[in-house]
K.L.:
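Take a look at this one; I'll ask things after.
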Amino acid sequence: MSLPKLDNFDSYIHQVHQAIFLFGAIAHQVIPKQQNWLHIATEPYPWGFQTQVFPTGGRLIFNVSAGNIQLQHGDGNTDIFALVDHTQKSLFEAILSAMDGHELVNYFDADSDLSHSEQLLSKIHSDDQKLTDAVAEHTHETSLAYDVNSANDYLHALNTIYTGIARWRGRLNGHLSPMVVWAEHFDLSTIWFATPEMDEYKSHINIGFAPFTEGVFERPYLYAYAYPYQEDYKTPNLDAPLKWETEAYTGIYVSYDNLTDYDDPVSAIEMLCGQIFKTMRTVLG
């Protein structure tokens, strides 16, 4: 079965991104830091995304198919927030208010003039400009309502690509990160590390799938990059649909719209990942 065309992509993807974007900041403050920042990543499922389990029990769940976010508490109770009732700003405040006294005990200053979201973000960003930017990124005031059927098409696409990458990854030898979706860029990603330290500042290759990059790519794409690159490496010769990208990042780019041409996209993505990885090994420093 081929991939959906995602004709109504712009009508929902930014609302979905704004909602999951909040998970990163919350996880940053609730879950102890892990290597390569995996504590702020989300786990993808056919119905949506969820954080790791909080130290107090419970977790945040984004059920894209149901159009809601669920805050599971360690005591078994669950708060449910329908996105149709919220903007990003109001959703952030509602979630943090529900966490106050539970996952976030003695965390907020009741006498502060700052909102819950501003207090949380100020604990992450000490630089004034970064804090200002973060507040703006987490407090959009447009409705989060979206077309669930269209959003489910994206989930289907993401799950198909996840499966193709996982099939390639399952035969790959070496040191591998989990396959996660990052809240900030909303991209699916997995990393192969050249050394057992699994250190993001040492040699590695990242292969993933992103929904867009503002101002550069307005449609989804498969991507790969290496770190570090060899000095004076030669730009690889690539067969379509693979392209060498240098504007948004340096590495390999495959348009999602090219992937919809395949009758068996899982096998095609598995094959493309093999080609991508082999190519990236030749330029990895």
K.L.:
If you group Ile, Leu, Val, Met, Phe, Trp and Tyr by side-chain heavy-atom gaps below 4.5 Å, do Trp182 and Tyr225 land in one group?
P.N.:
no
K.L.:
Would a 4.5 Å heavy-atom cut-off, applied to side chains only, mark Gln29 and Glu103 as touching?
P.N.:
no
K.L.:
Following the transitive rule for hydrophobic clusters with a side-chain heavy-atom cut-off under 4.5 Å over Ile, Leu, Val, Met, Phe, Trp and Tyr, establish whether Phe49 and Met179 coincide in one cluster.
P.N.:
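Phe49 clusters together with Met179.
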K.L.:
Give a yes or no on this: more than 12 heavy atoms of other residues, nucleotides or ligands lie within 6.0 Å of atom CG of Asp127.
P.N.:
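Atom CG in Asp127 is crowded, with more than 12 foreign heavy atoms closer than 6.0 Å.
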K.L.:
Between the main-chain N or O of Ile252 and the side-chain N or O of Tyr249, is there a donor-acceptor pair closer than 3.5 Å?
P.N.:
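Judged by distance alone, yes, a pair lies under 3.5 Å.
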K.L.:
Does any part of the side chain of Lys123, heavy atoms only, come nearer than 4.5 Å to the side chain of Tyr107, both counted from C-beta?
P.N.:
yes
K.L.:
Under a 3.5 Å threshold, yes or no: a donor from one side chain and an acceptor from the other, between Gln52 and Gln34?
P.N.:
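Distance-only check passes for Gln52 and Gln34.
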K.L.:
Check Leu121 against Ala25 and note the closest heavy-atom contact, atom names and distance.
P.N.:
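Smallest heavy-atom distance, with atoms named: CD2-CB, 4.1 Å.
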K.L.:
Parallel, tilted or perpendicular: which one describes the rings of Trp244 and Tyr229, with boundaries at 30° and 60°?
P.N.:
perpendicular
K.L.:
Without hydrogens or angle criteria, can the side chains of His140 and Gln88 be said to hold a donor-acceptor pair below 3.5 Å?
P.N.:
yes
K.L.:
Would you check if Tyr146 and Ser11 make a side-chain contact, meaning some heavy-atom pair closer than 4.5 Å?
P.N.:
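No, every pair of side-chain atoms sits at 4.5 Å or beyond.
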K.L.:
Does Tyr45 have its ring centroid less than 6.0 Å away from the ring centroid of Phe62?
P.N.:
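Centroid separation for Tyr45 and Phe62: 6.0 Å or greater.
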K.L.:
Write down the atom of Phe108, the atom of Leu96, and the distance for their closest heavy-atom approach.
P.N.:
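Scanning both residues completely, I find the closest heavy atoms to be CE1-O, 3.8 Å.
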K.L.:
Taking all heavy atoms of Ala210 and all of Tyr154, pick out the closest pair and write down the distance.
P.N.:
C-OH, 4.4 Å
K.L.:
Looking only at non-hydrogen atoms, find the nearest pair between Arg219 and Lys5 and report the distance.
P.N.:
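Residues Arg219 and Lys5, closest heavy atoms: NH2-O, 2.9 Å.
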K.L.:
Are Tyr253 and Phe217 close enough that their ring centres sit under 6.0 Å apart?
P.N.:
yes
K.L.:
Only distances under 3.5 Å count here; give the side-chain donor-acceptor pairs of residues 278-285 to other protein atoms, sequence neighbours excluded, each with its distance to 0.1 Å.
P.N.:
residue: Thr279; atom: OG1; partner: Gln275; partner atom: O; Å: 2.9
residue: Thr282; atom: OG1; partner: Thr279; partner atom: O; Å: 2.5

K.L.:
Carefully, step by step, assess Thr142 and Gln15 under the rule side chain to side chain contact (heavy atoms under 4.5 Å, CB included).
P.N.:
CA-CA 9 Å; Thr142 53; Gln15 294 93 314; 6.0 Å; no
K.L.:
Got Phe209 and Thr160 here, is their nearest side-chain heavy-atom distance under 4.5 Å?
P.N.:
no
K.L.:
Within a strict 4.5 Å, meaning less than it, do heavy atoms of the Asp79 and Phe81 side chains meet?
P.N.:
yes
K.L.:
How many angstroms lie between CD1 in Ile269 and OG1 in Thr163, if you round to the nearest 0.5 Å?
P.N.:
8.5 Å
K.L.:
Evaluate His116 against Leu104 for side chain to side chain contact (heavy atoms under 4.5 Å, CB included), listing each step before the verdict.
P.N.:
CA-CA 11 Å; His116 282 4; Leu104 295 170; over 6 Å; no
K.L.:
Can you confirm whether Ser115 sits close enough to Phe92 that some side-chain heavy atom of one is under 4.5 Å from a side-chain heavy atom of the other?
P.N.:
no
K.L.:
Quick check: does any side chain N or O of Gln119 sit under 3.5 Å from a backbone N or O of Ser112, one acting as donor and the other as acceptor?
P.N.:
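Checking the backbone N and O of Ser112 against the side chain of Gln119, no donor-acceptor pair under 3.5 Å is found.
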K.L.:
Answer yes or no: is there a donor N or O on one side and an acceptor on the other, between the side chain of Thr42 and the main chain of Val181, under 3.5 Å?
P.N.:
yes
K.L.:
If I take atom CD1 from residue Ile95 and atom CG from residue Leu120, how far apart are they, to the nearest 0.5 angstrom?
P.N.:
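The distance works out to 11.0 Å.
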K.L.:
Does a sphere of radius 6.0 Å around CG in Asp239 hold more than 12 heavy atoms from other residues, nucleotides or ligands, not counting ones at 6.0 Å or beyond?
P.N.:
no
K.L.:
Could you check Val266 against Tyr162 for side chain to side chain contact (heavy atoms under 4.5 Å, CB included), going step by step and ending with a plain yes or no?
P.N.:
CA-CA 9 Å; Val266 170; Tyr162 178 100; over 6 Å; no
K.L.:
Can Asp263 and Ser2 be counted as having a side-chain donor-acceptor contact under 3.5 angstrom?
P.N.:
no
K.L.:
Please answer whether the main-chain N or O of Glu200 pairs with a side-chain N or O of His204 as donor and acceptor at a distance below 3.5 Å.
P.N.:
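Confirmed, His204 side chain pairs with Glu200 backbone.
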K.L.:
Could you check if a side-chain atom of Trp192 sits within less than 4.5 angstrom of a side-chain atom of Ser203, using non-hydrogen atoms only?
P.N.:
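Not touching, per the 4.5 Å side-chain cut-off.
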K.L.:
Search all heavy atoms of Gly24 against all heavy atoms of Ile40 and return the closest pair with its distance.
P.N.:
O-CG2, 3.7 Å
K.L.:
Any side-chain donor paired with an acceptor under 3.5 Å for Arg169 and Thr190?
P.N.:
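Yes, because at least one side-chain N or O of Arg169 sits under 3.5 Å from a partner of the opposite role on Thr190.
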K.L.:
Does Asp75, at its CG atom, have more than 12 non-hydrogen atoms belonging to other residues, nucleotides or ligands within less than 6.0 Å?
P.N.:
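Yes, the 6.0 Å shell around CG holds more than 12 heavy atoms from other groups.
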K.L.:
Give, for atom CG of Leu144 and atom CG of Asp85, the distance between the pair rounded to the nearest 0.5 Å.
P.N.:
10.0 Å
K.L.:
Show your reasoning for whether side chain to side chain donor-acceptor pair (under 3.5 Å) applies to Asp264 and Ser267.
P.N.:
CA-CA 6 Å; Asp264 183 359; Ser267 295; 2.7 Å; yes
K.L.:
Please answer: with hydrophobic residues joined when any side-chain heavy atoms are less than 4.5 Å apart, are Tyr223 and Val216 in the same cluster?
P.N.:
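Per the 4.5 Å side-chain linkage, Tyr223 and Val216 are co-clustered.
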K.L.:
Hey, does the side chain of Asn36 reach the backbone of Leu38 with a donor-acceptor pair shorter than 3.5 angstrom?
P.N.:
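Not at all, since once roles are kept as given, no pair shorter than 3.5 Å links the two residues.
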K.L.:
Which pair of non-hydrogen atoms, one from Pro211 and one from Phe9, has the smallest distance, and what is that distance?
P.N.:
O-CZ, 3.2 Å
K.L.:
Okay, side chain of Gln35, backbone of Met198: is any donor-acceptor separation there less than 3.5 Å?
P.N.:
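Checked: pair present.
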K.L.:
Please answer: with hydrophobic residues joined when any side-chain heavy atoms are less than 4.5 Å apart, are Val180 and Ile205 in the same cluster?
P.N.:
no
K.L.:
Backbone N or O of Ile191 within a donor-acceptor pair of the Ser177 side chain at under 3.5 Å?
P.N.:
yes
K.L.:
With rounding to the nearest 0.5 angstrom, report the CG to NZ distance, Leu222 to Lys243.
P.N.:
13.5 Å
K.L.:
Picking from Thr213, Asp257, Asp187, Asn258, what satisfies side-chain hydrogen bond (donor to acceptor under 3.5 Å, both in side chains) with Tyr221?
P.N.:
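The option that passes is Thr213.
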K.L.:
State the OG-NE2 distance between Ser65 and His156, to the nearest 0.5 angstrom.
P.N.:
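It is 12.5 Å, given to the nearest 0.5 Å.
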K.L.:
Compare all side-chain heavy atoms of Ser117 with those of His138 and state whether any distance is below 4.5 angstrom.
P.N.:
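Side chain of Ser117 against side chain of His138, heavy atoms only: no contact under 4.5 Å found.
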K.L.:
Please tell me whether Phe21 and Ile31 are part of a single hydrophobic cluster in this structure, the criterion being side-chain heavy atoms less than 4.5 Å apart.
P.N.:
no
K.L.:
Roughly how far apart are Glu141 CD and His86 NE2, rounded to 0.5 Å?
P.N.:
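Between Glu141 CD and His86 NE2, I get 13.5 Å after rounding to 0.5 Å.
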K.L.:
Which residues pass the salt bridge (Lys or Arg N to Asp or Glu O under 4.0 Å) test with Asp261, not counting sequence neighbours?
P.N.:
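Once residues adjacent in sequence are excluded, Asp261 has no partner under the salt bridge (Lys or Arg N to Asp or Glu O under 4.0 Å) criterion.
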K.L.:
With side chain to side chain contact (heavy atoms under 4.5 Å, CB included) as the test, would you mind laying out the steps for Asn63 and Gln70 before giving the verdict?
P.N.:
CA-CA 8 Å; Asn63 191 321; Gln70 302 165 26; 4.0 Å; yes
K.L.:
Is the centre of the His14 ring less than 6.0 Å from the centre of the Phe212 ring?
P.N.:
yes
K.L.:
Restricting to side chain to side chain contact (heavy atoms under 4.5 Å, CB included), what partner residues turn up for Ser143, sequence neighbours left out?
P.N.:
Ala145
K.L.:
Would you say the side-chain atoms of Arg59 pair up with the backbone N or O of Phe54, donor to acceptor, closer than 3.5 Å?
P.N.:
no
K.L.:
Answer yes if the side chains of Asp147 and Asn149 hold a donor-acceptor pair under 3.5 Å, and no otherwise.
P.N.:
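Result is no, nothing qualifies.
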